[in-house]
2 protein chains.
Amino acid sequence: MSQMQNVERQLREMILGLEIGPGERLTERWIESRFGASRTPVRAALLRLETEGLIGRDGRGWTVAPINLAELGQIAVYREAVEVAAVRLTAALEDRAGIDVIAAMLDSCDAETPREEWHRVGMDFHIELARLSGNEFLLRAVRDAMTRLSRARWLEVRDEQALGRAWAEHHAILAAVRNGDAEEAARMLSAHIGGSRDRLVSSLHDDRRGLRARGFAVVAA
Amino acid sequence: MSQMQNVERQLREMILGLEIGPGERLTERWIESRFGASRTPVRAALLRLETEGLIGRDGRGWTVAPINLAELGQIAVYREAVEVAAVRLTAALEDRAGIDVIAAMLDSCDAETPREEWHRVGMDFHIELARLSGNEFLLRAVRDAMTRLSRARWLEVRDEQALGRAWAEHHAILAAVRNGDAEEAARMLSAHIGGSRDRLVSSLHDDRRGLRARGFAVVAA
DNA sequence: AATACCAACTTGGTATCCCAATTTGGTATC
DNA sequence: GATACCAAATTGGGATACCAAGTTGGTATT
């Protein structure tokens, strides 16, 4: 694999894994030495990550994107629009095989599954559901939205009950799609996303002192 | 302005203006000499344009994105989802000033206005309407969709009547938004986008021989 | 004439160097 | 002690040099 892709992938993982905190400054030279690459691939990776919204420009330099509560609300509206459109398309298809694959994916999580895995599967549920629509643009939109949300969701204080409820909602949405009931699937998906947003924003809002104490930049709504 | 932004802007204009045809190969060295810049800003511009979908990788090299009829259909679905979401938000706002600005923009086109300007204003209508929603992600999605559509719309064979009908629909949508009638605005916008897609795809489909004769790569639906 | 083969060239990927602008740290001044 | 100021270090933007992989065009062989 090329250096550029290497740097991009590793840097993205460090940002999403909060090894580099939101708001932290990045210098091209530091990344260079950290990953043993020269500046050309480093610059390419930075440009890519900028379009993903994971980093941004701070005057002349680079900064890891802060956690922005207002932005999280906007993303929720955005993903509701595209995910609902995607699920409507999917419900109209005859292919039910893809749905079973997603259901199996959900069921692969149990009591012993680490939290990180739940987190990842929860995101993949939405991404794979969008993929079934067959629309590349809806898929990309959902993937981008989940990427931008993932750090915040990782920081969210989630209890077992909320997680279980989310999983039940996921299954219910799948059931509606399997029945070809686009309206019901759309309604439930909207509610699911809205609830997810409310819990996420209020959780981060309540904990924003703690986040700042960890050195994370948090922008208020 | 920096070289990178210069190269990016000029190259984008050449691609959107069809000075470089769909499917054409690009070499970094040619761009270098064409714009008098070195490879660093050239590569940055190429990476940006790649994320916009205007160019793509062809093995090791770069290629101007072909006109893809299947993609145009998918974009229509995508933009319908995001534009309808945006117009629903906008209709719920109290601010009516922005709507008048857009209406004035539409009215600035008359019989003497060059076709290119009609084309640009037609795109800006959708972009500015999305901007009024206040949602950065919906705005960006609409802007990106219009960028990807613009070459195809420029190639479309449009008659005066179709253009006049589109303008009437634009005004009708604005009127519904001004009245705060989100449902009516959403319905009309959906119909507008659907009709636009049908005319676009069938026009390009009918003319794809002519397009190929001009050296433009056209991918069938 | 067809083909197998090779040398020269082209291309994108990478590394390195230079530069202007900004930041930084210390120092002199009040 | 606060502040104005300046030199040194740092930074991102740009230019150039080099390389490996791939393409091309010509040539020798059959």
Side-chain angles (χ1 to χ4, degrees), chain A residues 1-16 18-66 68 212 215-217 219, chain B residues 1-16 19-66 68 215-217 219:
Chain A
M1 180 179 294
S2 70
Q3 284 279 44
M4 193 214 81
Q5 291 170 321
N6 246 326
V7 174
E8 181 187 345
R9 190 173 43 78
Q10 295 189 59
L11 193 53
R12 184 189 295 110
E13 277 175 16
M14 287 189 71
I15 293 173
L16 292 180
L18 297 169
E19 295 173 56
I20 314 177
E24 211 163 310
R25 290 182 91 98
L26 288 173
T27 70
E28 298 184 354
R29 259 91 176 189
W30 178 83
I31 301 169
E32 232 181 298
S33 64
R34 177 68 176 71
F35 299 109
S38 76
R39 293 183 66 196
T40 310
V42 167
R43 305 265 284 272
L46 287 170
L47 285 172
R48 284 240 149 85
L49 294 175
E50 185 190 18
T51 69
E52 289 185 43
L54 295 183
I55 63 176
R57 291 219 133 93
D58 174 38
R60 215 168 61 120
W62 301 95
T63 307
V64 176
N68 186 329
R212 290 227 173 83
F216 295 164
V219 177
Chain B
M1 184 180 295
S2 71
Q3 285 275 45
M4 192 215 80
Q5 292 169 321
N6 248 323
V7 174
E8 181 187 345
R9 189 172 43 78
Q10 295 189 59
L11 193 54
R12 184 190 294 111
E13 277 175 17
M14 287 187 72
I15 294 173
L16 293 180
E19 296 173 55
I20 314 177
E24 210 162 312
R25 287 185 88 97
L26 288 173
T27 70
E28 299 184 352
R29 258 92 176 188
W30 177 83
I31 301 170
E32 232 181 297
S33 64
R34 176 69 176 72
F35 299 110
S38 77
R39 295 184 64 198
T40 310
V42 166
R43 303 209 64 208
L46 287 171
L47 287 170
R48 285 240 148 86
L49 294 175
E50 185 190 17
T51 69
E52 289 185 43
L54 295 183
I55 64 176
R57 297 238 138 131
D58 174 37
R60 217 168 58 122
W62 300 95
T63 307
V64 177
N68 187 327
F216 295 164
V219 177

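Every chain is numbered from 1, with letters handed out A, B, ... down the list of sequences. The analysis underlying the following values was restricted to heavy atoms, covering all of them including side chains, and did not include hydrogens, waters or symmetry mates.
Atom CZ of A:Arg43 and atom C1' of C:dA15 are 13 Å apart (whole Å). Between the C1' atom of C:dT11 and the CG atom of B:Leu26 lies a distance of 13 Å, rounded to the nearest Å.
With sequence neighbours excluded, no residue forms a side chain to side chain donor-acceptor pair (under 3.5 Å) with B:Thr51. A search for side chain to side chain contact (heavy atoms under 4.5 Å, CB included) contacts involving B:Glu13 returns B:Arg9, not counting sequence neighbours. With sequence neighbours excluded, the residues that form a side chain to side chain contact (heavy atoms under 4.5 Å, CB included) with A:Glu19 are A:Met14. For B:Glu8, the side chain to side chain donor-acceptor pair (under 3.5 Å) criterion is met by B:Arg12, not counting sequence neighbours. B:Ala44 meets the side chain to side chain contact (heavy atoms under 4.5 Å, CB included) test with A:Leu47, B:Met4; sequence neighbours excluded. Remark: A:Arg57 engages A:Glu50, A:Trp62, B:Arg48 in a side chain to side chain contact (heavy atoms under 4.5 Å, CB included) (not counting sequence neighbours).
Looking at heavy-atom distances under 4.0 Å, B:Leu46 makes no contact with the nucleic acid at all. Heavy atoms of B:Thr27 sit under 4.0 angstrom from primed sugar atoms or phosphate atoms, though from no base atom.
Annotation for B:Gly23 and B:Ala217: closest pair CA-CB, 3.7 Å, computed over non-hydrogen atoms. Closest approach of B:Pro22 and B:Pro66 over heavy atoms only: CB-CA, 3.9 Å.
Protein chain A contacts DNA chain D from D:dT11 to D:dG14, reading 5' to 3' and using non-hydrogen atoms of the protein with a distance under 4.0 Å.
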Check nucleotides 23-25 of chain C against the protein and report each pair of N or O atoms closer than 3.5 Å, with its distance, or say if there are none.
none

Between the protein and nucleotides 17-20 of chain C, are there any N/O to N/O pairs under 3.5 Å, and if so, what are the atom names and distances?
none

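At a threshold of 4.5 Å between non-hydrogen side-chain atoms, the residues B:Leu11 and B:Phe35 count as touching.
Each of B:Leu54, B:Val7, B:Ile55 was checked for a side chain to side chain contact (heavy atoms under 4.5 Å, CB included) with B:Leu46, and the lone residue meeting it is B:Ile55.
Within the structure, salt bridge (charged side-chain N to carboxylate O under 4.0 Å, His left out) contacts touching residues 21-31 of chain A (residues at least two apart or in different chains) are A:Arg25-A:Asp58, A:Glu28-A:Arg39, A:Glu28-A:Arg43.
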Worksheet, complete the sentence: Given Watson-Crick and G-U pairs under 3.5 Å, DNA chain C in dot-bracket ([ ] crossing, | other strand) is ||||||||||||||||||||||||||||||
